[in-house]
Structures are given as C-alpha cells and as structure tokens.
Amino acid sequence: MTLTIDNDHLLQGDNVVHLIASKNSKPFKSKFPDTLVVHFTAGRSAESSARFLQRPDVKASAHLVIGRGGEIYQLVPFNIIAWHAGESSYAGRSKFNQYSIGIELDNAGALEKAGSDYVSWFGKKYIDSDVIKAVHRNEKKPRYWHLYTERQLEVNEVVTELLLKKYNISQILGHEEISPGRKVDPGPAFPLDRFRRLMFGDNRAGEMAAKPSLPKSGTVIPPKLNIRQGAGISFARVAKPLPAGQKVIILEEENGWYRVKTKIEGWVSKGNILTD
Ligand SMILES: [Zn+2]
C-alpha cells in the first residue's frame, strides 16, 4: 500500500476516496494540529458514515474514516479544522477540534447480546467472532464491543505514521479520554495503549514514550490467579481463576496490574505473571 500526503494536505493512494466536506474551512493555527484523536463511527459502514459526516446539515465531521477493508475516506484536508471532538478537555486544554486530527474507524461500538448474536444500536447483528467482552477504561463492568479488523488497524497505523512525519503530532488520544462520560470511542476493542507505543517508540516525544515497554506475553505462576474486571482487588472476578502455567497475552499495565487476554480478558496482579 502506497500512501502519500500531497501539498493540499490530502491523502493520495489507491484506496483513498475524497469526499471533501464544504462546511469545514477554518485552518489550524500555527503549530497545530499536535494531537491525533481516535474514534469509532458507531455506524453501519465506512461509506455511510463518511457520507453522513460530509452532509452540510450535520454538525460533525472528521478528517478520515477508515473502513474495515482498509478503504479510506477523507472528508477534511489535514490543515483544516474538523468537528470530531466536541466538548472535550485533557491535560489543561479544552475543545480539541482546534488541536487535533480526527480519525474515525468503521466500527459498530458497544453491542447488546441477543440470544447467540450481538446487536448494534442500529439493529445490525454480529457473530461471536466479531465481538469481545471487555471492560471500558471509563467503566467498571464488562460489555460487548465490536472488534476492529486487522486490515483496518494496519491501515490506521500506516496513515498515522505518515501524519506523524508530516505534522507536529506529539500525542494520540482516544475520544473517550478527552470526553469521558460523554464518549466511549474507540473503546476497549481498540488497542490504544499498544498503538501509542508502536507509533512513538522509545525515542519520540509522546505521552506514552516515557513508560517502560510492556512485555508482550507471560505465564501464570500461582495455582489459581484471580482475573478481575479492573486493576484492583475491589473489582469483581470475570471468570474462574487462571491456572498455573496458563499463557497470557499482556495488553496493558496499570497500578501494578496487567490487563491480559487468554480466551477471556481481564486484569491480574502483575507479580503473579512470569513475563516472556
Ligand atoms: Zn468520537
């Protein structure tokens, strides 16, 4: 996949469609954008979400919508402010539209279980393999979330690398982090912490860069290890304890706990995991 950003701040490449929204025309002030905000569309398809966000009567937009097959719709040139963040604040700044590029990923968001299927807010059904049960970083109880596709996450990485090279981007945030309580996107199905580490590496300025790198996997040490809904013993257990020798994938770390994945996902006290 070859993608470039041209002098008009438009992404160019085979899988890019331009649906420029005429409602957005205000350029960023100098030194901005410095932030990238990740969203999910909570929509039916990338194209339907892109066409919706392009509409002149809709008071929302984003720079890009990335589809589940890796297709990309650009709605706003990267030097122009889009309307994706809304009421938002983080680290002493508010109203993040003026600071940030917004990328929407086609994803149905939170799902409700209905028999053996899962249903989105707009009534579309999803099968088990498209869904994870996980606890959102702003919530306490697990819910069902539509998974992102590998291709989609890959394209998002390639696009983000390009944006980091071309613009002065020093942090990546989820909409759920700048509008907590109001927004839950991109949600726990999106590997936000891993994505930040991947994009900023160890040598780049970035919010996550100062943290030591997280081990990728490990093995349960004690005979029974409680796996919980959050990083602490006050959180309820999500399943039976994990047995000694159980291999786990480590997703993130918080306050001495790892969020790990086996067939299920949850938090375990990190001292009980022998890391690889
Ligand atoms: Zn959002």
Side-chain angles (χ1 to χ4, degrees), residues 38 40 42 105 107-120 125-150 152-153 156 172-177 180-181 183-198 207-208 210-276:
V38 184
F40 62 49
L105 302 172
N107 181 289
L111 305 172
E112 295 288 340
K113 197 161 174 42
S116 59
D117 288 329
Y118 303 85
V119 184
S120 66
K125 282 185 180 169
Y126 300 84
I127 57 172
D128 205 48
S129 57
D130 287 332
V131 179
I132 62 158
K133 186 179 187 183
V135 182
H136 192 281
R137 70 177 68 231
N138 299 343
E139 299 174 357
K140 293 240 155 71
K141 288 187 177 154
R143 292 203 276 159
Y144 300 102
W145 301 89
H146 190 201
L147 284 169
Y148 295 86
T149 72
E150 232 170 275
Q152 186 179 29
L153 296 178
N156 183 46
I172 297 172
L173 296 169
H175 201 186
E176 67 203 24
E177 294 174 301
K183 292 290 174 181
V184 294
D185 58 319
F190 183 81
L192 186 55
D193 295 320
R194 196 182 74 203
F195 177 53
R196 283 193 270 243
R197 278 195 303 277
L198 192 67
E207 196 196 28
M208 299 304 288
K211 293 204 177 176
S213 69
L214 189 74
K216 285 194 174 62
S217 58
T219 309
V220 173
I221 301 168
K224 283 182 177 180
L225 177 59
N226 285 324
I227 178 161
R228 297 180 183 277
Q229 286 171 5
I233 55 166
S234 61
F235 288 94
R237 292 186 277 258
V238 295
K240 283 191 296 185
L242 302 176
Q246 171 76 57
K247 298 277 180 202
V248 296
I249 295 165
I250 299 170
L251 301 171
E252 62 178 303
E253 181 183 351
E254 192 182 302
N255 303 327
W257 289 66
Y258 285 143
R259 184 160 72 90
V260 300
K261 188 177 165 142
T262 58
K263 276 184 182 153
I264 50 164
E265 231 179 86
W267 291 85
V268 297
S269 173
K270 70 178 266 195
N272 294 308
I273 297 292
L274 181 66
T275 57
D276 297 338

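Everything numeric here is computed off the predicted structure, so don't read it as measured data. Residues take their numbers from the sequence shown, with the count starting at 1.
- A 4.5 Å side-chain heavy-atom check between E139 and V184 finds at least one atom pair inside the cut-off.
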Review item, side-chain donor-acceptor pairs of residues 265-276, under 3.5 Å, at least two apart:
{"from": "E265", "atom 1": "OE1", "to": "R259", "atom 2": "NH1", "distance (Å)": "2.3"}
{"from": "K270", "atom 1": "NZ", "to": "E253", "atom 2": "OE2", "distance (Å)": "2.8"}
{"from": "D276", "atom 1": "OD2", "to": "S217", "atom 2": "OG", "distance (Å)": "2.6"}

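- Heavy-atom minimum distance, V131 versus L147: N-CD1, 3.7 Å.
- For the pair P241/N226, a side-chain contact is recorded, criterion being any heavy-atom separation below 4.5 Å from C-beta on.
- Distance CD/Q152 to CG/N107: 6.5 Å, rounded to 0.5 Å.
- The ring pair (Phe, Tyr, Trp, His ring centres under 6.0 Å) check on F40 picks up nothing, with sequence neighbours excluded.
- Here the closest non-hydrogen pair linking I264 and A239 is CD1-CB, 3.4 Å.
- The shortest side-chain heavy-atom distance between W145 and H136 falls under the 4.5 Å cut-off.
- Nearest heavy-atom pair, A244 versus I221, reported as atom, atom and distance to 0.1 Å: CB-O, 3.5 Å.
- Without hydrogens or angle criteria, D185 side chain to G187 main chain gives no donor-acceptor distance under 3.5 Å.
- For the salt bridge (Lys or Arg N to Asp or Glu O under 4.0 Å) condition, no pair includes a residue of residues 219-247, sequence neighbours left out.
- Taken from CD1 in I227 to OG1 in T262, the straight-line distance is 5.5 Å, to the nearest 0.5 Å.
- The two atoms that bring V220 and P222 nearest to each other are CG1-O, 3.5 Å, heavy atoms only.
- To the nearest 0.5 Å, the span separating OG1 on T219 from CG on L225 amounts to 11.5 Å.
- Pairing each heavy atom of S120 with each of Y126, the nearest pair is CB-CE1, 3.7 Å.
- Residue-environment remark: CZ (R194) stays at or below the threshold of 12 foreign heavy atoms within 6.0 Å.
- Annotation for W257 and G230: closest pair CE3-O, 4.2 Å, computed over non-hydrogen atoms.
- Qualifying side chain to side chain contact (heavy atoms under 4.5 Å, CB included) partners for L198, counting only residues two or more places apart in sequence or in other chains: E157.
- Relative ring orientation between F190 and Y148 is described as perpendicular, the plane-to-plane angle rising above 60° on a 0-90° scale split at 30° and 60°.
- A 4.5 Å side-chain heavy-atom check between P188 and R137 finds every atom pair outside the cut-off.
- Without hydrogens or angle criteria, Y258 side chain to V248 main chain gives no donor-acceptor distance under 3.5 Å.
- Taken to the nearest 0.5 Å, the CD atom of E254 stands 8.5 Å off from the CG atom of D193.
- For E177 (side chain) and G174 (main-chain N/O), a donor-acceptor pair under 3.5 Å exists by modelled atom type.
- Under the side chain to side chain contact (heavy atoms under 4.5 Å, CB included) criterion, P142 pairs with K133, V135, Q229, sequence neighbours left out.
- Residue-environment remark: NZ (K141) stays at or below the threshold of 12 foreign heavy atoms within 6.0 Å.
- Considering CG of L153 and CG of L105, their distance stands at 7.0 Å, rounded to 0.5 Å.
- Applying the ring pair (Phe, Tyr, Trp, His ring centres under 6.0 Å) test to F235 and every residue at least two apart in sequence or in another chain returns nothing.
- Separating the CG atom in L192 from the CG atom in L173 is a distance of 8.0 Å, to the nearest 0.5 Å.
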